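For clarity, every value in this text was computed on a predicted model and none was experimentally measured.
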Amino acid sequence: MGSVSVENIPTKVLTNSPSGEVKVPVIGMGSAPDFTCKKDTKEAIIEAIKQGYRHFDTAAAYGSEQALGEALKEAIHLGLVTRQDLFVTSKLWVTENHPHLVLPALRKSLQTLQLDYLDLYLIHWPLTSQPGKFSFPIPVEDLLPFDVKGGWESMEESLKLGLTKAIGVSNFSVKKLQSLLDVATILPAVNQVEMNLAWQQKKLREFCNANGIVLTAFSPLRKGASRGPNEVMENDLLKEIADAHGKSIAQISLRWLYEQGITFVPKSYDKGRMNQNLQIFDWALTKEDHLKIDQIKQSRLIAGPTKPNLNDLWDDEI
């Protein structure tokens, strides 16, 4: 099990960040609500840093900001990294997705993370709900109209204040991105969405490429929901491709995303799998592999954060 030097992890420039100089490591480490034990989270993050990870993804809604902050502080104290080496993303939850609450929410995240600035701050969903108590799923009756223009102006302000180096969105369809581009002065640098071999989002990829928006894939291995078989990890076609390369299905999946120019944040706290996920940069998929992957049946895994689900959240895009 070889380790990957940090220099071997490619980066992608966030061209829509005003300085044009913000670079994101293509692979990051996700953290999400299913990791409830803070000690496990902290230990996993320090292990990830030792293995070469520098990009860490969290959100106010995940409950992992505190553990991530403590881990990063310890790693810096131990001399494993400097703050400048790291790329940290967090996200604005729907209860704070109001123009006057964006900056206080970001400052609160920074306080919890024990950081002076974020590298990337995202609007978590194109939704707004009643300020106050966090609940998941979000009751539909708590939803309010999302003030795209006002909210984005506050995001732009956070950038000008130096609270974050780049701003973006998450879970935005092409239609919702277009509505944002129509009113934005500074374009979103990133759109973080569900993307994996069984949900390839071709239309969204084309739109984001055309507008300089870097895509980050969450659930890149299609984990994160327990409905039926995993159409990626239990896919016979992908097993054939993996066997032919002497790789795992996870490595085939992440390599495909990398070859599409996508960044990705798999969530694995297992030491071996963390390492395996890094071993994807010194080989390539063949043209035949790509043709086979194009044939995989497509379906969305994450329906949305509300109860009941919203009919127009995704604007029926595939």
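- Connection of V13 to I262 is not established within any shared hydrophobic cluster, with ILVMFWY side chains joined at heavy-atom distances below 4.5 Å, either directly or through further cluster members.
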inquiry  = With side chain to side chain contact (heavy atoms under 4.5 Å, CB included) as the criterion, how do T11 and R54 come out once you've worked through the C-alpha distance, each side chain's angles and the decisive distance to 0.1 Å?
reply    = CA-CA 11 Å; T11 57; R54 296 295 179 263; over 6 Å; no
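- A donor-acceptor pair is defined here as one N or O able to donate and one able to accept, closer than 3.5 Å; such a pair exists between the side chain of Q200 and the backbone of I293.
- Judged purely by atom type and a 3.5 angstrom limit, Y53 uses its side chain to pair as donor or acceptor with the backbone of M274.
- Defined by atom type and a distance below 3.5 Å, a donor-acceptor pair is present between the side-chain atoms of T82 and D85.
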ask   = Passes side chain to side chain contact (heavy atoms under 4.5 Å, CB included), L257 versus S253? Steps please.
value = CA-CA 7 Å; L257 288 165; S253 301; 5.8 Å; no
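- The cluster map of Ile, Leu, Val, Met, Phe, Trp and Tyr, joined by side-chain heavy atoms under 4.5 Å apart, puts L72 and Y117 in different clusters.
- Residues I49 and A75 come closest through the heavy atom pair CD1-CB, 3.5 Å.
- Residue L177 comes nearest to C208 through the heavy atom pair CD1-SG, 3.7 Å, listed as atom of the first residue, atom of the second, then distance.
- The distance from the NZ atom of K91 to the CG atom of L106 is 13.5 Å, given to the nearest 0.5 Å.
- Side-chain atoms of N196 come within 3.5 Å of backbone N or O of S219 as a donor-acceptor pair.
- Contact between A250 and M233 at its shortest, heavy atoms only, is CB-CE, 4.0 Å.
- Within 6.0 Å of atom CG in D282, more than 12 heavy atoms from other residues, nucleotides or ligands are found, so the atom counts as buried in its surroundings.
- A donor-acceptor pair under 3.5 Å is absent between the side-chain atoms of Q276 and the main chain of G272, judged by distance alone.
- Ionic pairing of E288 and K292 is not present here: no N-O contact between side-chain nitrogen and carboxylate oxygen is shorter than 4.0 angstrom.
- A donor-acceptor pair under 3.5 Å links the side-chain atoms of Q51 to the main chain of N275, judged by distance alone.
- Put simply, the side chain of L144 reaches to within 4.5 Å of the side chain of H98, judged on heavy atoms.
- By the 4.5 Å heavy-atom criterion applied to side chains, L115 and L86 are not counted as neighbours.
- When hydrophobic residues (I, L, V, M, F, W, Y) are linked wherever their side-chain heavy atoms come within less than 4.5 Å, the members clustered with L14 are V22, V24, F87, L120, L122, V190, V214.
- Side-chain contact between E259 and H290 is present, with heavy atoms from C-beta onward closer than 4.5 Å.
- With rounding to the nearest 0.5 Å, the separation of CG in N209 from CG in L215 is 7.0 Å.
- Judged by distance alone, with hydrogens and angles left aside, the side-chain atoms of T89 form no donor-acceptor pair with the main-chain N or O of D57 at under 3.5 Å.
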key: side chain to side chain contact (heavy atoms under 4.5 Å, CB included) between I138 and L143, worked out   = CA-CA 8 Å; I138 306 151; L143 292 178; 4.0 Å; yes
query = side chain to side chain contact (heavy atoms under 4.5 Å, CB included) between N97 and W125: does it pass, once the steps are laid out?
reply = CA-CA 9 Å; N97 194 10; W125 289 93; over 6 Å; no
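- Checking T263 against T216 by side-chain atom types alone, a donor-acceptor pair falls below 3.5 Å.
- Linking Ile, Leu, Val, Met, Phe, Trp and Tyr residues whenever their side-chain heavy atoms come within less than 4.5 Å leaves L101 and L103 in two separate clusters.
- Rounding to the nearest 0.5 Å gives a distance of 7.0 Å between CD of E194 and CD of Q201.
- Judged by distance alone, with hydrogens and angles left aside, the side-chain atoms of S109 form no donor-acceptor pair with the main-chain N or O of A60 at under 3.5 Å.
- By the neighbour-count criterion of 12 heavy atoms within 6.0 Å, atom CD of Q111 is sparsely surrounded, having that number or fewer from other residues, nucleotides or ligands.
- Residues I27 and F264 are in side-chain contact: their nearest non-hydrogen atoms beyond the backbone lie under 4.5 Å apart.
- The shortest distance between side-chain heavy atoms of P305 and V94 does not fall below 4.5 Å.
- Side-chain contact between R273 and L221 is absent, with no heavy-atom pair separated by less than 4.5 Å.
- Put simply, CZ on F172 and CG on L181 are 10.0 Å apart, with the number rounded to the nearest 0.5 Å.
- Judged purely by atom type and a 3.5 angstrom limit, K247 has no side-chain atom pairing as donor or acceptor with the backbone of I241.
- Side-chain contact annotation: T164 with S158, donor-acceptor N/O pair under 3.5 Å absent.
- Here K42 contributes atom NZ and D40 contributes atom CG; the two are 12.5 Å apart, rounded to the nearest 0.5 Å.
- Looking at heavy atoms from C-beta onward, F56 lies out of side-chain contact with S31 at the 4.5 angstrom threshold.
- Ring geometry for W93 versus H124: interplanar angle over 60°, hence perpendicular rather than tilted (30 to 60°).
- S154 and V102 get closest at one heavy-atom pair: CB-CB, 3.6 Å.
- Looking at N16, its side chain never comes within 3.5 Å of a backbone N or O of I186 through a donor-acceptor pair.
- In this structure, D182 places its CG atom where more than 12 heavy-atom neighbours from other residues, nucleotides or ligands lie under 6.0 Å away.
- Considering CG of L163 and OH of Y121, their distance stands at 10.0 Å, rounded to 0.5 Å.
- The local environment of NZ in K165 is sparse, with at most 12 non-hydrogen atoms from other residues, nucleotides or ligands closer than 6.0 Å.
- Taking the charged nitrogens against the carboxylate oxygens, D119 and R83 do have a contact shorter than 4.0 Å, which makes a salt bridge.
- Across all non-hydrogen atoms, the minimal contact from P145 to T128 is O-CB, 3.8 Å.
- Residues W314 and L204 form no side-chain contact, since every pair of their non-hydrogen atoms from C-beta on lies 4.5 Å or further apart.
- Ion pairing between a basic and an acidic side chain is recognised when a charged N comes within 4.0 Å of a carboxylate O; E231 and K297 show no such pairing.
- Looking at Q298, its side chain does come within 3.5 Å of a backbone N or O of I296 through a donor-acceptor pair.
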